[in-house]
Amino acid sequence: MPIHPDESTDHGLPVDGQATALRTIARDSHPISRKDISPNALRVLYRLRDAGFSAYLVGGAVRDLLVGGHPKDFDIATSATPEEVRHLFRNSRLIGRRFRLAHVVFGREIIEVATFRANVDDGSGDRELHEGGRLVRDNVYGSIEDDAIRRDFTANALYYAIDDFSVLDYTGGFEDVRNGLLRLIGDPEQRYREDPVRMLRAIRLAAKLGFTIEPATAAPIADLAPLLGESASARLFEECLKLFLSGHAVESFLGLEQHGLLRVLLPETAAALASNRSGALRRMLLEGLRGTDVRVANDEPVSPAFLFALLLWPAYCRTLMSLQAQGMHAAEAQRRAADRVTLHQLSVIALPRRFSLPMQEIWLLQSRLSQRQPKRVSRLLAHPRFRAAFDFLVLRQFASNEHAEEVSFWQDAQAMAPGPGGEGELPVVEGEDDASSDDAAPKKRRRRRRRPVASE
Ligand code: ATP
Ligand code: MG
């Protein structure tokens with residue numbers, strides 16, 4: 001949706017990358033309408049305003065509404081402290097240590113309400129920088145201007161005001177959204193050093209919005225990429241899910257590759273792709289990601305286990321080949337390769353066991369798909385991970401033309417398998433009926449003692 005021509009006042013362009021003046025875009029000069037905003041978010045905004053606080057819709061929601069998208073969540077910024085928000089809403093709770101926030105809960109919808117925060121060191125010790133400039137705590141309340149410039153991209157720093165429905169712009173974000181540009185606020189290198197995950201956010205948001213990363217924002221990424229390896233591995237896991245399971249996996253992957261981030265995030269896969277001269281593994285990977293995007297677009301569930309099986313398949317194949325070249329027996333080499341690749345990857349991305357185990361099963365089942373003895377066939381068909389493993393086999397055809405016969409064998413086997421619904425249906429294990437079910441925890445499972453990750 002086009003954004004209306006600018007008829008606003010107070011052109012406040014960033015000086016040295018910092019916001020200086022406010023530009024107000026009046027209601028008739030932007031396309032955001034209340035009917036596109038979650039009624040619960042509106043409720044929160046109105047109640048805050050009626051209690052005398054200022055309250056704005058902010059961040060991704062404003063950005064997405066400006067480009068005609070449908071925000072997946074609505075965040076609010078306010079002058080009220082978390083405790084004041086807590087008192088105003090019985091259905092709220094306070095969360096977070098690093099950022100204290102209020103969540104206002106409406107059934108399944110959660111509206112996040114954050115107090116304006118600053119990104120400045122006021123000497124209170126509430127903001128700490130690690131060596132290298134990494135931000136480890138920032139809990140200093142501030143003005144709305146402070147709140148705007150501590151955000152990452154100008155497109156994410158726009159405020160929709162509930163009192164007059166205008167959009168407030170302290171960083172030039174309105175213009176940038178109109179031009180499809182993703183621009184970091186402030187000095188890009190410093191902002192990446194504060195929080196290296198911003199590099200991934202740049203790639204992800206550019207992929208999602210179809211935006212261009214503005215040159216000065218893109219320039220430092222390749223050099224600073226290694227900093228990403230120091231980010232918390234649990235956070236990198238979360239970011240990976242957003243990168244690859246939000247419907248823009250192909251574009252995200254290409255962006256990571258182009259900006260030198262893939263070799264930090266998935267080092268063994270990047271190395272395996274580089275040494276795979278035919279490009280077959282990359283073709284398969286991209287095809288798998290394309291399939292994931294299609295599933296997301298169709299509102300079909302997608303599974304982290306399948307995703308990581310795909311992302312780490314080149315690494316697995318490479319490790320497997322080298323173990324076999326050393327003379328290791330195939331079955332043993334497969335297990336070792338699966339463990340080794342998982343273990344190495346865990347040092348960057350904290351892939352939880354409930355995903356890494358089915359991921360490994362998908363790999364290990366690949367060799368079992370060449371077994372055709374009737375007993376083994378029916379056992380395999382009943383395997384909870386069969387469907388995912390079969391879908392994976394189908395994808396492998398993009399890397400090699402050796403699997404066509406196997407694929408059609410298993411297609412037939414599935415069609416003929418007796419099932420609860422009669423002929424033609426697979427025996428379905430509850431909650432595990434397709435590749436997407438890996439993330440649904442099996443319902444009846446014995447509690448297992450957690451083993452330390454390193455022993456996996
Ligand atoms: P999405 O569409 O994925 O939700 P988003 O921009 O809303 O994108 P969130 O993680 O929900 O992303 O963050 C909400 C807002 O918080 C952002 O729009 C941005 O203003 C701010 N923000 C998030 N992460 C950072 C960060 N690492 N550094 C600075 N500001 C951030
Ligand atoms: Mg968001």
Side-chain angles (χ1 to χ4, degrees), residues 17 19 37-38 41 56-78 95-96 98-99 101 103 109-120 127 129 133-140 142 144-160 167-174 176-177 182-188 190-211 213 217 221 224 227-228 230-232 235-249 251-252 296:
I37 300 174
S38 142
Y56 302 86
L57 192 64
V58 68
V62 180
R63 176 200 71 210
D64 290 351
L65 289 170
L66 284 177
V67 298
H70 301 282
K72 59 178 167 47
D73 45 37
F74 292 86
D75 297 337
I76 288 172
T78 179
I95 60 140
R98 184 174 156 199
F99 300 145
L101 300 168
H103 274 178
E109 188 179 18
I110 294 177
I111 305 294
E112 196 166 282
V113 184
T115 307
F116 297 141
R117 278 202 305 269
N119 197 11
V120 289
R127 183 178 190 275
L129 285 182
R134 191 156 52 87
L135 199 54
V136 290
R137 256 187 95 197
D138 68 342
N139 224 355
V140 184
I144 179 171
E145 291 97 316
D146 296 330
D147 192 76
I149 61 168
R150 61 106 191 154
R151 290 177 185 274
D152 47 7
F153 303 99
T154 61
N156 286 347
L158 293 166
Y159 295 74
Y160 173 84
V167 169
L168 308 190
D169 179 5
Y170 293 89
T171 65
F174 191 76
D176 282 341
V177 171
L182 209 56
R183 183 197 308 272
L184 265 179
I185 300 167
D187 174 57
Q190 183 193 336
R191 300 308 307 280
Y192 289 135
R193 285 190 185 280
E194 279 176 4
D195 180 5
V197 171
R198 287 173 184 150
M199 295 188 271
L200 292 184
R201 288 178 54 83
I203 305 301
R204 174 167 72 81
L205 293 173
K208 164 177 164 161
L209 301 163
F211 277 23
I213 306 176
T217 298
I221 296 181
L224 299 181
L227 295 180
L228 202 58
E230 292 162 28
S231 301
R235 192 162 168 227
L236 291 183
F237 172 68
E238 293 301 325
E239 275 301 318
C240 275
L241 296 188
K242 291 190 188 175
L243 274 161
F244 296 113
L245 298 183
S246 306
H248 307 277
E251 284 305 314
S252 294
V296 174

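Because the structure is predicted, anything quoted here is derived from the model rather than measured. The figures here come from the full heavy-atom set of this structure, side chains too, leaving out hydrogens, waters and symmetry mates. Counting starts at 1 for both ligands and their atoms, following the listed order.
- For the pair Lys208 and Asp64, the salt-bridge criterion is met [side-chain N within less than 4.0 Å of a carboxylate O].
- Nearest protein heavy-atom contact of atom 2 (O) of ligand 1 is Lys208 NZ, 2.6 Å.
- For the residue pair Ile213 and Ala202, the shortest heavy atom distance occurs at CD1-O, 3.8 Å.
- For atom 3 (O) of ligand 1, the nearest non-hydrogen atom of the protein is Arg204 NH1, 2.6 Å.
- Scanning all heavy atoms of the two residues, the minimum distance from Val62 to Leu57 falls at CG2-O, 3.3 Å.
- Distances between N or O atoms of Gly60 and those of ligand 1 include at least one value under 3.5 Å.
- The proximity of Val197 to ligand 1, defined as any non-hydrogen pair under 4.0 Å, does not occur for either the backbone or the side chain.
- For atom 15 (C) of ligand 1, the closest heavy atom belonging to the protein is Arg151 NH1, 3.7 Å.
- The side chain of Asp195, and not its backbone, has at least one atom closer than 4.0 Å to an atom of ligand 1 (non-hydrogen atoms only; side chain from C-beta on).
- The aromatic rings of Tyr56 and Phe116 are tilted relative to each other, their planes meeting at an angle between 30° and 60°.
- Arg191 has a carboxylate O that lies under 4.0 Å from a charged side-chain N of Glu194, or vice versa, which qualifies the two as a salt bridge.
- The single protein non-hydrogen atom nearest to atom 30 (N) of ligand 1 is Asp152 N, 3.2 Å, given as residue, atom name and distance.
- In this structure, atom 1 (P) of ligand 1 lies nearest to the protein heavy atom Lys72 NZ, 3.5 Å.
- At under 3.5 Å, not a single nitrogen or oxygen of Arg191, backbone or side chain, sits near a nitrogen or oxygen of ligand 1.
- In this structure, atom 17 (C) of ligand 1 lies nearest to the protein heavy atom Arg201 NH2, 3.5 Å.
- The distance from atom OH of Tyr160 to atom CG of Leu66, rounded to the nearest 0.5 Å, is 11.0 Å.
- Residue contacts with ligand 1: Glu194 is excluded, as none of its non-hydrogen atoms falls under 4.0 Å.
- In Glu238, neither the side chain nor the backbone holds a heavy atom less than 4.0 Å from any atom of ligand 1.
- Atoms of ligand 1 found under 4.0 Å from any heavy atom of Arg235 (numbered from 1 in listed order, with element): 27 (N).
- Remark: side-chain polar atoms of Asn156 are not paired, donor with acceptor, to backbone N or O of Gly59 under 3.5 angstrom.
- In terms of protein heavy atoms, atom 8 (O) of ligand 1 is closest to Arg63 NH2, 3.4 Å.
- Formation of a donor-acceptor pair under 3.5 Å by the Ser252 side chain with backbone atoms of Ala207 is not found in this model.
- Scanning the protein for heavy atoms near atom 14 (C) of ligand 1, the closest one is Asp75 OD2, 3.6 Å.
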Check the pair Asp152, Arg198 against salt bridge (Lys or Arg N to Asp or Glu O under 4.0 Å), reporting the backbone distance first and the verdict last.
CA-CA 7 Å; Asp152 47 7; Arg198 287 173 184 150; 5.4 Å; no
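- Residues passing the side-chain hydrogen bond (donor to acceptor under 3.5 Å, both in side chains) test with Glu239 are Arg204, sequence neighbours excluded.
- Of the inter-residue distances, the one linking Tyr192 atom OH with Asp187 atom CG reads 10.5 Å to the nearest 0.5 angstrom.
- Atoms of ligand 1 lying under 4.0 Å from any heavy atom of Gly59, numbered from 1 in the order shown and given with element: 18 (O).
- Put simply, Asp75 stays out of reach of the Mg ion (ligand 2), with no N, O or S atom under 2.8 Å from it.
- Considering only heavy atoms from C-beta on, Arg151 stays 4.5 Å or farther from Thr171 through its side chain.
- Within Asp73, the N, O or S atom lying nearest to the Mg ion (ligand 2) carries the name OD1.
- Remark: ligand 1 atoms within the under-4.0 Å shell around heavy atoms of Lys242 are 10 (O).
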